[in-house]
Amino acid sequence: MKDICCIGHITRDKVITPKSTVYMAGGTSFYMSCGISHLPSQIDYQLVTKVGQGQLHEVEKIRNLGIDTICYPSQHTVYFENKYGTDSNNRTQRVLAKADAFTMAEVQPLEAKIFHLGSLLSDDFPPDVVKYLSTKGQISIDVQGYLRQVVGEQVHPIAWKDKEEILSCTDILKLNEHEMEVITNCKNPRTVAMKLAEYGISEVVITLGSFGSLIYAEGKFFEIPAYTPSEVVDATGCGDTYSAGYLYCRMQGMGYAESGKFAAAMCTLKLEHSGPFNRTVADIHKVMRTQK
């Protein structure tokens, strides 16, 4: 039985920023696994992914970090192009290739306390797969992929097709300020959090970019500060890094505020370079200590 099982596609990413164009692996499962690999081994973590033949070397790199990894074959690897302007909170996306969805047969052997579903596109996880996993453990979801539909190569924001069905079996939900508005037609994060909690979600985590984050759990709000990076280089993977830090702490029994601050500090360090989190737990604690 694993503590956390992260399920999601590893992508091939082209990241364009005002300073550079970089090609790298990406996706929730990639950023989460790399982040966890740099933290002390306090939890039992597993990655479940699907890639095309050309990206198998990236899976081996993650295995070499000491991550327990299951990789299923896919006809293609998800290929994203992320373009950022001077404001790192805004990006335009294209999808140049899609991977196969996760199937019931692939998830049936899995055993974990928390299944973190890193959806990248709206059809990655059919509702029956999510429902089945919810009978085996808690479901943690990052909503981003459920709100993305690919038409041609363009990514279009869409309404969440199976929202009621998925949310009714979700325990931990992470979303940002843009996603919360799409889901609830509301710009007030506190109102959004309370609305989402009505579905039975026990922990609603809303990231608000440079304004920090807000956690709603057990009928209480926990305001988490945004720590200031030395420089903003690349925001790709920041949300997934937040999830890695937050779930890592929660699985050890840490409180909501402490877990949120740890996650926020991880994000700040990740913002300072392209690629996944690559610092230490001492660096995280230093950010938390020096920026109160």
Side-chain angles (χ1 to χ4, degrees), residues 3-9 27-29 32 48 101-104 106-108 110 112-150 155-209 213-224 239-240 242-247 250-251 256 259-260 263:
D3 290 317
I4 300 171
C5 175
C6 176
I7 311 174
H9 297 105
T28 293
S29 60
M32 185 137 184
V48 177
F102 289 91
T103 66
M104 189 69 86
E106 290 163 349
V107 303
Q108 277 176 337
L110 306 177
K113 294 173 186 172
I114 290 181
F115 294 100
H116 181 69
L117 309 185
S119 61
L120 298 176
L121 297 169
S122 58
D123 51 2
D124 285 353
F125 297 99
D128 62 332
V129 167
V130 182
K131 281 183 180 174
Y132 172 74
L133 288 172
S134 74
T135 67
K136 303 182 83 173
Q138 287 190 306
I139 297 293
S140 168
I141 283 181
D142 186 321
V143 307
Q144 58 180 337
Y146 284 106
L147 308 179
R148 291 180 186 148
Q149 185 178 41
V150 181
V155 179
H156 292 269
I158 55 165
W160 188 345
K161 181 181 153 200
D162 304 302
K163 181 173 80 171
E164 311 281 329
E165 231 177 329
I166 301 291
L167 289 181
S168 66
C169 53
T170 301
D171 301 281
I172 302 167
L173 188 73
K174 191 200 135 313
L175 62 168
N176 65 25
E177 69 270 37
H178 308 298
E179 293 155 356
M180 73 177 190
E181 200 175 334
V182 173
I183 293 173
T184 63
N185 293 316
C186 179
K187 292 185 176 183
N188 185 319
R190 287 181 173 241
T191 305
V192 169
M194 289 189 290
K195 274 188 183 180
L196 291 170
E198 289 173 6
Y199 287 95
I201 298 164
S202 53
E203 298 173 45
V204 180
V205 180
I206 303 176
T207 56
L208 303 165
S213 50
L214 184 73
I215 298 166
Y216 184 62
E218 297 182 30
K220 296 176 186 171
F221 288 102
F222 301 87
E223 290 191 10
I224 312 300
D240 303 318
Y242 190 106
S243 291
Y246 183 76
L247 294 177
R250 292 291 295 135
M251 279 310 302
Y256 306 111
S259 300

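Bear in mind that the values here come from a model prediction, so they are computed numbers and not experimental data. Hydrogens, waters and symmetry mates are skipped; everything else that's a heavy atom, side chains included, is used. Position 1 is the first residue of the sequence, and the numbers go up from there.
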Would a 4.5 Å heavy-atom cut-off, applied to side chains only, mark [X] and [Y] as touching?
X      : Y      : answer
Glu165 : Trp160 : no
Leu117 : Ser119 : no
Glu218 : Tyr256 : yes
Asp124 : Ile7   : no
Leu196 : Leu175 : yes
Glu179 : Asn176 : yes

Does Met104 have any side-chain contact (heavy atoms from CB on, under 4.5 Å) partners at least two apart in sequence or in another chain, and if so, which?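 side-chain contact (heavy atoms from CB on, under 4.5 Å) check on Met104 returns Val107, Gln108, Asp128, Tyr132.
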Contacts of Ser122 that satisfy side-chain contact (heavy atoms from CB on, under 4.5 Å) - sequence neighbours left out: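 With sequence neighbours excluded, Ser122 shows a side-chain contact (heavy atoms from CB on, under 4.5 Å) to Ile158, given in chain and number order.
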Side chains of residues 197-207: which donor-acceptor pairs under 3.5 Å do they make with residues two or more places apart or in other chains?
residue	atom	partner	partner atom	Å
Tyr199	OH	Glu164	OE2	3.3
Ser202	OG	Asp171	O	2.9
Glu203	OE1	Tyr246	OH	2.6
Glu203	OE1	Arg250	NE	3.1
Glu203	OE2	Arg250	NH2	3.1

Would you call the rings of Phe125 and Phe102 parallel, tilted or perpendicular if under 30° counts as parallel and over 60° as perpendicular?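 Judged by the thresholds at 30° and 60°, the geometry between Phe125 and Phe102 is parallel.
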Side chains of Thr28 and Asp240: donor-acceptor distance under 3.5 Å anywhere?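 Thr28 vs Asp240: donor-acceptor pair found between side chains.
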Phe222 side, atom CZ; Leu214 side, atom CG - distance, nearest 0.5 Å: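 Between Phe222 CZ and Leu214 CG, I get 10.0 Å after rounding to 0.5 Å.
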What are the two closest heavy atoms between [X] and [Y], and how far apart are they?
X      : Y      : result
Lys174 : Ser243 : CD-OG, 3.0 Å
Ile166 : Pro127 : CD1-CA, 3.9 Å
Tyr242 : Ser213 : OH-OG, 2.8 Å

Do the charged groups of Arg190 and Glu223 touch, with an N to O distance under 4.0 Å?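 Salt bridge flag = yes for Glu223 with Arg190.
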